[in-house]
Peer 1: 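One structure, pasted below without further comment.
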Amino acid sequence: QLAESGGGLVQAGGSVRLSCTASGRTFSTYNMGWFRQAPGKEREFVAAISWSGGNTYCADAVKGRFTISRDNAENTVSLQMNSLKPEDTAVYYCAADLYSSSRTEAVRNTTVSYGYWGQGTQVTVSS
């Protein structure tokens with residue numbers, strides 16, 4: 001199970017740090033991803049990190065502003081969000097890559113590759 005936390009209301013230009021905590025003993029074997037869904041829009045990829053933390057990838061819309069990280073000892077994956085814009089307003093979800101493999105650090109950015117979704121946390125950016 002995955003549980004997100006850290007969302008809230010923030011002014012444009014501000015920062016928020018989201019956390020996702022996993023239960024179970026296999027967290028370190030999964031690539032992890034963050035996604036978001038705004039009202040009336042489809043869920044979209046935000047960022048992903050490989051099982052070891054050695055590879056990260058961010059969507060163009062957030063590149064240079066958001067940073068994904070993980071702590072396998074604490075079973076957590078985080079998303080540091082800086083220079084927030086009103087268009088970043090959405091419910092943010094973390095999920096595990098169902099096709100993770102210890103043989104590669106490659107990460108995926110497609111929603112269908114991910115599972116074990118958390119309940120989401122709302123981030124609202126006011127202008």
Peer 1: Please report the interatomic distance OG(Ser50) to CD1(Ile68), rounded to the nearest 0.5 Å.
Peer 2: 9.5 Å
Peer 1: For a side chain to side chain donor-acceptor pair (under 3.5 Å) check, start with the C-alpha distance between Gln80 and Ser78, then their side-chain angles and the critical distance, and finish with the verdict.
Peer 2: CA-CA 6 Å; Gln80 178 66 42; Ser78 299; over 6 Å; no
Peer 1: Kindly compute the distance separating CD (Gln122) from CG (Leu9), expressed to the nearest 0.5 Å.
Peer 2: 9.5 Å
Peer 1: Would Val107 and Asn109 satisfy side chain to side chain contact (heavy atoms under 4.5 Å, CB included), going step by step from the backbone distance to the final call?
Peer 2: CA-CA 7 Å; Val107 296; Asn109 63 355; over 6 Å; no
Peer 1: Between the side chain of Thr89 and the main-chain N/O of Val125, is any donor-acceptor distance below 3.5 Å?
Peer 2: yes
Peer 1: Please confirm whether the backbone N or O of Asp97 pairs with a side-chain atom of Ser100, one donor and one acceptor, at under 3.5 Å?
Peer 2: yes
Peer 1: Could you state the interatomic distance from CD (Glu44) to OG1 (Thr111), rounded to the nearest 0.5 Å?
Peer 2: 9.0 Å
Peer 1: Tyr30 ring centre to Arg70 NZ or CZ under 6.0 Å, with the angle to the axis within 45°?
Peer 2: no
Peer 1: Going through the checks in order, is the ring pair (Phe, Tyr, Trp, His ring centres under 6.0 Å) test met by Phe66 and Trp34?
Peer 2: CA-CA 11 Å; Phe66 291 10; Trp34 282 97; 10.0 Å; no
Peer 1: Any chance the side chains of Thr110 and Ser113 put a donor and an acceptor closer than 3.5 Å?
Peer 2: yes
Peer 1: Begin from the C-alpha positions of Val62 and Arg36 and carry the test side chain to side chain contact (heavy atoms under 4.5 Å, CB included) through to its verdict.
Peer 2: CA-CA 12 Å; Val62 305; Arg36 66 186 181 185; 3.9 Å; yes
Peer 1: Nearest 0.5 angstrom please: Cys94 SG to Tyr114 OH, how far?
Peer 2: 11.0 Å
Peer 1: Could you tell me how the ring of Phe45 sits relative to the ring of Tyr57: parallel (under 30°), tilted (30 to 60°) or perpendicular (over 60°)?
Peer 2: parallel
Peer 1: Under 4.5 Å between side-chain heavy atoms, counting indirect links through other Ile/Leu/Val/Met/Phe/Trp/Tyr residues: same cluster for Leu18 and Val10 or not?
Peer 2: yes
Peer 1: What distance separates Phe27 CZ from Leu2 CG, expressed to the nearest 0.5 Å?
Peer 2: 8.0 Å
Peer 1: Quick check: does any side chain N or O of Glu4 sit under 3.5 Å from a backbone N or O of Gln119, one acting as donor and the other as acceptor?
Peer 2: yes
Peer 1: Nearest heavy-atom pair of Ser15 and Ser83: which atoms, and what distance?
Peer 2: OG-N, 4.4 Å
Peer 1: Starting at SG of Cys20, measure out to CG of Asn75 and round the result to the nearest 0.5 Å.
Peer 2: 10.0 Å
Peer 1: With a 3.5 Å distance limit and no angle check, can you tell me whether Thr121 reaches the backbone of Ser5 through a side-chain donor-acceptor pair?
Peer 2: no
Peer 1: I'd like to know whether Glu105 forms a side chain to side chain contact (heavy atoms under 4.5 Å, CB included) with Trp51, so could you lay out the CA-CA distance, the side-chain angles of the two residues, the decisive distance to 0.1 Å, and finally the verdict.
Peer 2: CA-CA 7 Å; Glu105 295 275 356; Trp51 55 272; 3.8 Å; yes
Peer 1: Is the cationic atom of Arg43 (NZ for Lys, CZ for Arg) positioned less than 6.0 Å from the six-membered ring centroid of Tyr93 and within 45 degrees of its normal?
Peer 2: yes
Peer 1: Return yes if some donor-acceptor pair links the side-chain N/O of Ser127 with the main-chain N/O of Pro86 below 3.5 Å, else return no.
Peer 2: no
Peer 1: Following the transitive rule for hydrophobic clusters with a side-chain heavy-atom cut-off under 4.5 Å over Ile, Leu, Val, Met, Phe, Trp and Tyr, establish whether Phe35 and Val91 coincide in one cluster.
Peer 2: yes
Peer 1: I need the minimum non-hydrogen distance between Lys41 and Gln37, along with the two atoms involved.
Peer 2: O-NE2, 3.1 Å
Peer 1: Is the backbone of Ala106 close enough, under 3.5 Å, to the side chain of Asn31 for a donor and an acceptor to pair up by distance?
Peer 2: yes
Peer 1: Using a strict 4.0 Å threshold on nitrogen-to-oxygen distance, state whether Asp88 and Lys85 make a salt bridge.
Peer 2: no
